[in-house]
Amino acid sequence: MILRSIASRLSLWVLAGSALVFVTAGSLLFYRVQAQILQQSHEQATALANEAGNRIEQRLTRVADTTRILATVIGPRPEDAEGMLRDAMTRNTDLAGLAAVFSPEASSAGAPPNAPFVGRQDDGSLASRDMRDDAKPYWETPWFLHGLGCTQGCWQQHFHSQSRHRELINYSAAMSRAGHAVGLVNADVTLDWLRGTLQGLEKPTGAYAFVLDQNGTYLAHDNPAMVGLRGHPALLAAVAQHQASRVRLAAAQNPLAMGKPVWIYFSPIEGTNWRFGLAMPEDLIYAGVRQAFVVAFAAGLLALLALTLVTLVVTRRTMAPLGTLTSSAEQVARGALTFELPPAPRPDEVGRLTEAFDRMRKELALHIAELTRNAREQQRLASELEIAHQIQTSLLPGAHYLDSGCENFELHALLRPARAVGGDLYSYFMLGEQRFCVMVGDVSDKGIAAGLFMARTITLAKSLAAQARTPQQLLSALNRELCRNNESCMFVSLLCGMLNTATGELVMASAGHEPPVLCDASGVHLVELETGAALGLDEDAGYPFRRLYLQPGQTVLMYTDGITEAMNAEQRMYGPERMLSCLAQMPGQGAADLAEGLLAAVDRFAADADQADDITVLALNWHHAIDHRSALVLDLTATATMNDVFDALGRCDASLQARGVASTVREDVRLVLEELMVNMVEHGRTPDAGHTIELHMRMAGDAILIELHHDGRPFDPLQVPSPALTGDIADHDDVGGFGIHLVRAMANDFSYSHDELGNHLQLRFHITHPAGATP
Amino acid sequence: MTLRLHTESSSPIRTTIHLHGRLDALTFTEFDSAAQVAMPHVADGGTMVLDLSSLEYISSAGLRSIAKIRKSMRARNGHTLLLNPQPQVRKVFDIVKAVPVNEVFASTQELDDYLDHIQRQIMEGTGEDD
């Protein structure tokens, strides 16, 4: 857990690395220093041992010298021996006792001369006795016998003096007379003295000294318990090699050293066969350096801890802004961008990182804000497009239309825009009771502009259609309106048809649009249709028309170039041929099946390719379900004379009466026809025209439908102003307007058109609802 | 069936023209000339009664003829009253608001009462004019 922090890890690694270096270097140094200390200690101890050996040797040499001089001096004069001995004892305090003894055979009297012995009492005073008085004759003792051989003087074996209760060593020097040993001078020194000498040596605390005799026995030792014991075999082996001056014992013999390793330095004591030894416990040698290193190690450890702490603190302080940055980054990751960063403490990497991070945060916030704004904008656009789509869809009438009145025809339309809004349009609506207007169009562009232009076209078409009698008139009027202020030069191709719902007469005019297809049981073919300019381009464009009489079962199919120019993935167009063959495979089908079948075929053809253009299909299927009453009642042509007119009126009346039409309706019809035809006779004629009046009358359902055609001068009764009705016809100077007023009031539906053939009037009278309702 | 006319002039102040058949563009001249003949028999301030009981049909041409008569009578301070118009005729009159409603009478009795009333008004010196 704690190792998750970089500071902790860094500190730990610094600690580990430093400790490794410290321990390695310390150990190396320790062993080097230890070796040097050992060497130094060897030199010092050896020197000390030599010095101590020398000092002992000097004192022993004095003893030996004194003894030898006494031997030389006393030999010739034995009687002065005691005085000289005392004198010598006084001068040399090292001596414990002196004796001058002669062998008995050396004396002429056969008795030994005096054998004085001067001994030092415990209180330091001297005491003398004659050794001849001793219980055991001295000349039989080993020391005497051995001493006689020491003409140059020699140290004897130490012994325990029972009289003096001491361990003693004696030095004997033979007195000779004429090359013959006659006696000897014997000097005693106590081992206590030797030990005191050892103790008096200056040596390091803990070190101890000893003297080995020629047999390898401890003669003297700082530890009195060791005296008399044999030396360690390793020690003795080393001593045997004369050149070795030191040896290391793995375990000290001295119990005081407690079995620890010990170095022993020895040096020979000249004049004797003894060895002086100085024992230095190894611990003692290394004590100083070890203590120093313990201190150094402790200090080093403290320093390491301090270093670790400092590293930890410094790293943590350095990393603290990083911690803040880390939390901030986590906040950023959660999407929160509105926070304040602490100011960058220093312009180092962390400071730069903080600044960069802050900049990044602000940039990110700006960016996100911009993205959000853009997304909102896009959303708004999308929703506006959606609304536009809905509005555009609402401009289109329903996909299916069945002529509810007499079920003469059925219409099915499909429109699929390539984008949300498109430029394709279709529309259909009834014009009056018997004319059905249908149109399919395609605006030049796609998208919003096209959609708006489409909306304009479709609403204009609907409003202008009321005044238009024929598709060509509607196209002309629409063209004029669309040309007005058409700065963007948009245009729309439009195919417009007007169907007489009673007769199946279909008049079509095209403004640069694809020709319609006529399908029936016998086959499928394009309707040859001469087209005018597309709407919106040429204000003066004219539009020719084509008249078809639909037969039962026939279907007129209108479409836009979205069908014929649909592309598949190989960039091939669907084309009119495929369309015709597709339609040919669906003979005798209804409008919905044809339209949907064609669209499905186009979809199959395009497969995965995107729809590039809006697609519209409109199928108009003529059922011809006209009942028996919708037969032609009258079809006559009259010359424009009063007699002929009234003759025609009479025939009309008779025909209607024959069909059972009520007299009230008949009188309305008669009045309207009289007014219109008398008008034509009286006002419509010109010298070379206006002599023929055509009258077609048929009954469809509950209506009488009358068409009047007159080739005279143009006259639109709908445009005649209504007369002011004052309540008394006598108030009027001219009562000419009453006839047209009556016509407008009597006819249930009334329309007028004029073309190159003259005036065309269409009238409609209801049968079931008698005419004459108050206008 | 065309128009037949029958003029009955019972007194200088009241002449009645009976119309039978259709008064249209073909027959109105006939009616016009009959009216021309009858008009002088009516004294100034008299009443011309058009009995429409048997008139089946009227068109704007007939309306013009009636308008002419009304104008002439009005010029002579007289009245033109219509008697018993049939539905079709009445409908045409209604559409063009041809004649004030109080000058159209459903029966001869109504007409007589009206004329008597006027007569009394004139005699009481509170002459009434249109």
What part of B:Pro87 lies closer than 4.5 angstrom to a heavy atom of chain A: side chain, backbone, both or neither?
-> neither

Indicate the atoms forming the closest heavy-atom contact of B:Ile95 with A:His741, along with that distance.
-> O-NE2, 3.5 Å

Could you please state which residues from residues 671-684 of chain A sit under 4.5 angstrom from chain B, measuring non-hydrogen atom to non-hydrogen atom, sorted by number, or 'none'?
-> A:Leu671, A:Glu674, A:Glu675, A:Val678

Tell me the salt bridge (charged side-chain N to carboxylate O under 4.0 Å, His left out) pairs involving residues 25-39 of chain B, sequence neighbours left out?
-> B:Asp32-B:Lys68

Which residues pass the ring-ring contact (aromatic ring centres under 6.0 Å, His included) test with B:Phe105, sequence neighbours left out?
-> B:Tyr114

Contact part of B:Ile58 toward chain A, heavy-atom cut-off under 4.5 Å: side chain, backbone, both or neither?
-> backbone

A:Arg666 meets the salt bridge (charged side-chain N to carboxylate O under 4.0 Å, His left out) criterion, sequence neighbours left out, with A:Asp653

Heavy-atom distance under 4.5 Å between the side chains of B:Arg22 and A:Leu649, does that happen here?
-> no

For B:Ser60 and A:Phe738, which heavy atoms make the closest approach, and how far apart are they?
-> CB-C, 4.4 Å

Approximate separation, where rounding is to 0.5 Å, of A:Met746 CE and B:Lys91 NZ = 4.5 Å

Side-chain contact, heavy-atom cut-off 4.5 Å: B:Asp24 with A:Arg670?
-> yes

Between the CG atom in B:Leu26 and the CG atom in A:Asp647, the distance rounded to the nearest 0.5 Å is 10.5 Å

A:Asp728 pairs by salt bridge (charged side-chain N to carboxylate O under 4.0 Å, His left out) with which of B:Arg74, B:Lys97, B:Lys71?
-> B:Arg74

